[in-house]
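A short write-up of the structure that comes next.
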Amino acid sequence: GAGVSQSPRYKVAKRGQDVALRCDPISGHVSLFWYQQALGQGPEFLTYFQNEAQLDKSGLPSDRFFAERPEGSVSTLKIQRTQQEDSAVYLCASSPRRGEEQFFGPGTRLTVL
Amino acid sequence: AQKITQTQPGMFVQEKEAVTLDCTYDTSDPSYGLFWYKQPSSGEMIFLIYQGSYDQQNATEGRYSLNFQKARKSANLVISASQLGDSAMYFCAMREGGDDKIIFGKGTRLHILP
């Protein structure tokens with residue numbers, strides 16, 4: 001069966017550009033998470049959705065980061081006016097229900113020049 | 001304070017030997033879950049094993065076992081009979097109480113030598 005997919009896999013942006021990263025969770029999975037993984041570090045939580053509701057956005061580093069999941073399936077993480085410190089791998093994960101195992105996608109590697 | 005501490009940034013182990021990857025955690029919540037994930041060079045996080053704070057027995061999944069010492073707040077991963085394909089980054093992680101997010105450690109890079 002299909003796992004979590006993310007697109008694009010690689011994105012290069014010039015400083016100041018806006019980017020949009022897409023996550024397709026496993027079909028039927030209710031919970032969706034975004035994590036940011038800097039080089040050589042563990043993933044850090046950004047935000048969490050239960051269906052279309054964004055229940056926790058405490059990890060978003062600034063108001064330049066915005067995430068949505070309007071129909072409770074596909075999610076988009078948008079970063080406005082990208083900065084060099086935004087360079088990282090952005091991981092998406094989904095789980096069947098709240099509190100259950102999270103299945104991760106392959107990530108999007110963002111490089112801001 | 002660090003919630004998850006992995007003190008071994010890198011390890012080199014001979015193929016077929018057993019490996020222990022260290023993890024200590026910090027929480028005041030009596031209910032929590034502990035995870036280990038493997039991240040190969042391809043980048044995907046692969047779930048390995050889970051231990052709940054109220055589980056009476058140590059978790060096992062094939063060649064993976066979790067040495068859970070609650071009083072010491074320790075959750076070491078043991079890989080028996082290591083294989084070349086085990087070479088990867090390994091992350092210890094925790095979910096606290098009613099929280100949904102997972103908190104990860106900094107990881108240990110494991111190299112299996114032929």
Side-chain angles (χ1 to χ4, degrees), chain A residues 2-11 21 23 26 29-51 53-60 67 69 88-111, chain B residues 2-10 21-26 29 31-55 59 61 64 66 75 77 88-110:
Chain A
V4 178
S5 61
Q6 293 186 245
S7 61
R9 290 293 313 276
Y10 303 91
K11 176 70 179 176
L21 312 180
C23 172
I26 295 172
H29 278 200
V30 169
S31 300
L32 186 145
F33 301 80
W34 284 99
Y35 293 85
Q36 180 191 58
Q37 186 176 18
L39 189 64
Q41 302 294 316
E44 292 192 358
F45 170 79
L46 293 176
T47 187
Y48 160 64
F49 291 86
Q50 182 84 347
N51 296 306
Q54 190 174 20
L55 297 188
D56 187 346
K57 53 181 181 179
S58 62
L60 296 176
R69 195 186 185 198
V89 174
Y90 291 84
L91 294 165
C92 176
S94 70
S95 66
R97 280 166 291 279
R98 198 169 188 176
E100 295 195 359
E101 176 192 338
Q102 295 181 22
F103 297 83
F104 281 79
T108 294
R109 182 177 296 278
L110 173 65
T111 303
Chain B
Q2 289 279 341
K3 290 274 190 178
I4 298 287
T5 301
Q6 295 180 255
T7 57
Q8 306 151 309
L21 304 181
D22 294 341
C23 174
T24 57
Y25 59 92
D26 181 26
D29 198 316
S31 174
Y32 53 89
L34 297 160
F35 303 79
W36 277 92
Y37 282 87
K38 173 184 178 181
Q39 188 175 45
S41 55
S42 59
E44 194 160 344
M45 298 290 283
I46 302 168
F47 167 76
L48 297 178
I49 197 166
Y50 169 80
Q51 179 86 42
S53 59
Y54 294 118
D55 293 344
E61 289 286 346
Y64 304 107
L66 200 151
L77 177 70
M89 281 290 285
Y90 288 80
F91 291 97
C92 180
M94 176 174 66
R95 183 171 56 214
E96 293 178 291
D99 210 353
D100 298 287
K101 64 180 179 287
I102 292 177
I103 303 165
F104 288 83
K106 292 187 184 299
T108 294
R109 183 168 292 281
L110 177 63

Of the backbone (N, CA, C, O) and the side chain (C-beta and beyond), which part of [X] lies under 4.5 Å from a heavy atom of chain B, both, or neither?
{"X": "A:Gln102", "answer": "both"}
{"X": "A:Tyr35", "answer": "side chain"}
{"X": "A:Leu55", "answer": "neither"}

Legend entry - Heavy-atom pair count under 4.5 Å with chain A, highest-scoring of B:Ile4, B:Asp99, B:Asp100: B:Asp100
Legend entry - Pick from B:Met89, B:Gln39, B:Arg109 with the largest number of heavy-atom pairs that fall under 4.5 Å of chain A: B:Gln39
Inset, instruction - Please flag which part of B:Phe91 lies under 4.5 Å from any non-hydrogen atom of chain A: side chain, backbone, both or neither. - result: side chain
Where is the tightest heavy-atom contact between [X] and [Y], given as atom of each residue plus distance?
{"X": "B:Arg95", "Y": "A:Glu100", "answer": "NH1-O, 3.5 Å"}
{"X": "A:Arg97", "Y": "A:Ser31", "answer": "C-OG, 3.8 Å"}
{"X": "A:Leu21", "Y": "A:Pro8", "answer": "CD2-CD, 4.5 Å"}

Inset, instruction - Among A:Gly105, A:Ala93, A:Pro43, A:Pro106, single out the residue with the greatest number of heavy-atom pairs under 4.5 Å to chain B. - result: A:Pro43
Inset, instruction - Please check if atom CD in A:Glu44 has more than 12 non-hydrogen atoms from other residues, nucleotides or ligands closer than 6.0 Å. - result: no
Inset, instruction - With side-chain contact (heavy atoms from CB on, under 4.5 Å) as the test, would you mind laying out the steps for B:Ile102 and A:Phe33 before giving the verdict? - result: CA-CA 9 Å; B:Ile102 292 177; A:Phe33 301 80; over 6 Å; no
Inset, instruction - Tell me, with the steps shown, if B:Met45 and B:Phe104 meet side-chain contact (heavy atoms from CB on, under 4.5 Å). - result: CA-CA 12 Å; B:Met45 298 290 283; B:Phe104 288 83; 3.4 Å; yes
